[in-house]
Visitor: 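Before I ask anything, let me first share the structure, which is written out below as structure tokens.
Each chain gets a letter, A, B and so on, in the order its sequence line appears, and its residues count up from 1. It should be emphasised that the depicted structure is a prediction, and the values quoted were computed from it without experimental measurement.
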2 protein chains.
Amino acid sequence: MKTRERILVTSLELFNEFGEPNVTTIHIADEMDISPGNLYYHFRNKNEIIYELYQQFEKRMNEILVPPPEDRQITMEDHWLFVHLLFEHIWEYRFIYRNLPDLLASVDKLATHFNRILDKKERVNKAICEGLIANGTMIATVDEVNSLSQNITMTMTYWLNYENVRNKGKHTEDLGKGVYQVMSLLTPYLEPTHRAFMQDLSKKYL
Amino acid sequence: MKTRERILVTSLELFNEFGEPNVTTIHIADEMDISPGNLYYHFRNKNEIIYELYQQFEKRMNEILVPPPEDRQITMEDHWLFVHLLFEHIWEYRFIYRNLPDLLASVDKLATHFNRILDKKERVNKAICEGLIANGTMIATVDEVNSLSQNITMTMTYWLNYENVRNKGKHTEDLGKGVYQVMSLLTPYLEPTHRAFMQDLSKKYL
DNA sequence: GTCTATACTGTGATAGAC
DNA sequence: GTCTATCACAGTATAGAC
């Protein structure tokens with residue numbers, strides 16, 4: 001692996017573990033056994049590292065956030081997979097979610113980009129709900145779908161952070177509970193005959 | 001107002017506006033037209049200011065987080081009032097919620113205290129649900145009440161933060177949307193004849 | 001109680017040799 | 001590409017005069 005690449009990998013690791021503001025360029029260089037000067041040869045400054053990591057994050061996120069195919073029935077299994085992929089990805093770049101206001105302010109245009117991701121997330125959540133309604137799996141009014149999509153988007157955004165607070169900073173890489181929690185927002189709107197899937201999940205995570 | 005008191009008030013204002021890590025003791029002193037030395041006469045260090053503000057926060061929070069009275073029927077109006085009071089209080093001390101992991105780590109024992117508040121929040125939410133179920137306003141299983149209480153607690157914790165991200169840092173002191181959003185988590189479990197209250201709310205906030 | 005002056009530290013970042 | 005040396009600066013905190 002090239003040094004530039006190693007800097008990114010190491011930074012991501014340290015940012016995720018200790019939080020971006022608590023990781024200095026010296027920590028990163030030390031961890032890699034290179035000099036700070038070398039680090040600054042590859043990146044103009046710390047923000048450039050953050051920005052590049054953010055771009056990696058956004059690229060993959062956009063791949064995950066595709067609207068469900070319209071030619072096929074949407075099932076709860078589809079939804080489960082979507083939520084799970086999303087949580088895995090957020091977990092990989094969780095440093096971004098730790099202090100969103102300051103991180104988004106630190107690099108120009110990041111706030112706009114991140115909000116676009118949130119918009120997209122909300123649209124996909126809405127599309128999934130509408131798909132589930134179309135095939136009778138779910139029952140809900142337009143207003144309900146709207147506030148539900150927002151609540152799901154919000155929970156997806158902050159659940160891992162909340163869990164971290166609840167566990168007093170101890171990392172538990174178990175994403176299942178979060179996935180369950182997000183999906184439980186949807187449960188009460190499910191047509192009663194379609195709730196078996198959620199009951200199976202609850203056995204695993206409650 | 002005594003200087004010590006003014007330091008607390010000014011700090012709270014600046015912390016809320018710019019975020020605690022972005023406010024230095026010099027900023028606080030400047031804003032008050034006193035010298036940094038004077039500030040350090042009243043507080044040993046910055047963490048002591050944070051800690052004292054946190055204690056103010058916790059004291060009032062404990063007053064808000066009382067379980068609903070058992071001798072009286074619980075209504076959706078009660079719930080609305082509870083959520084509203086809580087959001088008002090969080091808004092007043094919103095700096096605490098901006099970067100919870102780092103803030104809770106900065107002062108000893110804060111993580112434990114804050115988690116106790118979250119536990120209490122969850123218990124009150126559960127008690128309200130159970131009250132609403134007992135008088136037929138709401139219908140839900142035990143598992144549903146559990147995951148619902150957790151989702152409500154989580155949304156109460158992060159909604160204002162999420163709104164701030166969505167508005168790209170512009171403060172809008174309108175708490176109504178958040179109150180609606182939290183209460184909408186409960187709507188699908190309401191007995192159909194009791195949904196009028198939420199429909200009135202939705203007219204105001206959607 | 002309040003001020004001025006100052007010490008100390010950690011961090012971001014650059015210059016120039018190899 | 002990588003290192004060593006070093007700067008500039010900001011933020012925390014203290015000492016001592018008034």
Side-chain angles (χ1 to χ4, degrees), chain A residues 1-55 95-96 98-99 101-110 169, chain B residues 1-55 95-96 98-110:
Chain A
M1 219 188 320
K2 290 242 180 286
T3 303
R4 194 188 150 83
E5 187 62 21
R6 283 180 57 222
I7 293 173
L8 288 170
V9 172
T10 309
S11 299
L12 180 57
E13 251 171 46
L14 294 176
F15 288 172
N16 280 338
E17 175 143 14
F18 302 110
E20 175 272 312
N22 306 315
V23 176
T24 71
T25 46
I26 300 181
H27 293 147
I28 300 168
D30 268 10
E31 180 79 16
M32 301 171 58
D33 278 316
I34 65 168
S35 68
N38 190 357
L39 186 145
Y40 279 93
Y41 169 79
H42 292 283
F43 291 91
R44 233 200 325 276
N45 52 42
K46 198 182 158 190
N47 275 352
E48 209 172 285
I49 300 179
I50 297 172
Y51 185 59
E52 203 134 324
L53 286 174
Y54 177 81
Q55 288 194 310
F95 83 92
I96 294 174
R98 205 168 144 133
N99 180 357
D102 283 337
L103 189 103
L104 298 184
S106 73
V107 184
D108 208 33
K109 302 285 174 198
L110 223 61
Chain B
M1 216 189 321
K2 291 247 182 282
T3 303
R4 194 189 150 84
E5 186 62 20
R6 284 179 57 224
I7 293 173
L8 287 171
V9 172
T10 309
S11 299
L12 179 57
E13 252 171 46
L14 294 177
F15 288 173
N16 279 338
E17 176 143 14
F18 303 108
E20 176 272 311
N22 306 314
V23 175
T24 71
T25 47
I26 301 182
H27 293 146
I28 300 168
D30 267 10
E31 180 79 15
M32 300 172 59
D33 279 317
I34 64 168
S35 68
N38 191 357
L39 186 147
Y40 278 93
Y41 169 80
H42 291 284
F43 292 91
R44 234 198 324 275
N45 52 41
K46 199 182 157 191
N47 276 352
E48 207 172 287
I49 301 178
I50 297 172
Y51 185 59
E52 203 133 324
L53 286 175
Y54 178 81
Q55 288 193 310
F95 84 92
I96 294 174
R98 205 168 144 133
N99 180 355
L100 277 170
D102 284 337
L103 189 104
L104 298 184
S106 73
V107 184
D108 206 34
K109 302 284 175 203
L110 222 60

Visitor: Could you pull out every donor-acceptor pair under 3.5 Å between side chains of residues 99-106 of chain B and any protein atom, sequence neighbours left out?
Guide:
unit_1, atom_1, unit_2, atom_2, d
Asn99(B), OD1, Asp102(B), N, 3.4
Asn99(B), ND2, Asp102(B), OD2, 2.9
Asp102(B), OD1, Asn22(A), ND2, 3.0
Asp102(B), OD1, Arg98(A), NH2, 2.7
Ser106(B), OG, Leu103(B), O, 2.8

Visitor: Show which side-chain atoms of residues 31-38 of chain A pair as donor or acceptor with protein atoms under 3.5 Å away, not counting sequence neighbours.
Guide:
unit_1, atom_1, unit_2, atom_2, d
Ser35(A), OG, Asn38(A), N, 3.2
Asn38(A), OD1, His42(A), NE2, 3.4

Visitor: According to the salt bridge (Lys or Arg N to Asp or Glu O under 4.0 Å) rule, which pairs have a member within residues 3-17 of chain A, sequence neighbours left out?
Guide: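 Residue pairs passing salt bridge (Lys or Arg N to Asp or Glu O under 4.0 Å), neighbours aside: Arg4(A)-Glu52(A).
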Visitor: Quick test: give all pairs of protein nitrogen or oxygen and nucleotides 16-18 of chain D nitrogen or oxygen below 3.5 Å, distance rounded to 0.1 Å.
Guide:
none

Visitor: Just jot down the ring-ring contact (aromatic ring centres under 6.0 Å, His included) partners of Tyr51(B), sequence neighbours excluded, or say none.
Guide: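 For Tyr51(B), no residue satisfies ring-ring contact (aromatic ring centres under 6.0 Å, His included) once neighbours in sequence are set aside.
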Visitor: Quick check: closest heavy atoms across Val23(A) and Leu14(A), and the distance to 0.1 Å?
Guide: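 Answer, listing the atom of Val23(A) first, then Leu14(A): CG2-O, 3.5 Å.
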Visitor: Give each protein N/O atom lying under 3.5 Å from an N/O atom of nucleotides 11-13 of chain C, with the pair distance.
Guide:
unit_1, atom_1, unit_2, atom_2, d
dG12(C), OP2, Thr25(A), N, 3.0
dG12(C), OP2, Thr25(A), OG1, 3.1
dA13(C), OP2, Tyr40(A), OH, 3.4
dA13(C), OP2, Lys46(A), N, 3.3

Visitor: How many Å lie between CG on Asn38(A) and P on dC3(D), as a whole number?
Guide: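 Answer to the nearest Å: 5 Å.
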Visitor: Can you check the Tyr41(B) OH to dA5(C) C1' distance for me, whole Å?
Guide: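 Computing the Tyr41(B):OH to dA5(C):C1' distance gives 20 Å.
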Visitor: Round to the nearest Å and state the distance from Met1(B) atom CE to dG1(C) atom P.
Guide: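 In whole Å, dG1(C) P lies 15 Å from Met1(B) CE.
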Visitor: Measure from CG on Asp33(B) to P on dT2(C) and round the result to the nearest Å.
Guide: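 The distance from CG of Asp33(B) to P of dT2(C) comes to 13 Å, rounded to the nearest Å.
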Visitor: Measure CG/Asp30(A) against C1'/dT2(D) and give the value in whole Å, please.
Guide: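 Computing the Asp30(A):CG to dT2(D):C1' distance gives 15 Å.
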Visitor: Does anything in residues 2-39 of chain B form a ring-ring contact (aromatic ring centres under 6.0 Å, His included)? List the pairs, not counting sequence neighbours.
Guide: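 The answer is Phe15(B)-Phe95(B).
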Visitor: Rounded off to whole Å, could you give me the CZ-to-C1' distance for the Phe43(B) and dT12(D) pair?
Guide: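 Result: 16 Å.
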Visitor: My understanding is that only residues two or more places apart in sequence, or in another chain, count here; which of them pass ring-ring contact (aromatic ring centres under 6.0 Å, His included) with Tyr54(B)?
Guide: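 Scan of Tyr54(B) (ring-ring contact (aromatic ring centres under 6.0 Å, His included), adjacent residues dropped) gives Phe57(B).
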Visitor: Going by salt bridge (Lys or Arg N to Asp or Glu O under 4.0 Å), name the pairs with one or both residues in residues 39-48 of chain A, residues two or more places apart or in two chains.
Guide: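 Passing the test, one end in residues 39-48 of chain A: Glu20(A)-Lys46(A), Arg44(A)-Glu48(A).
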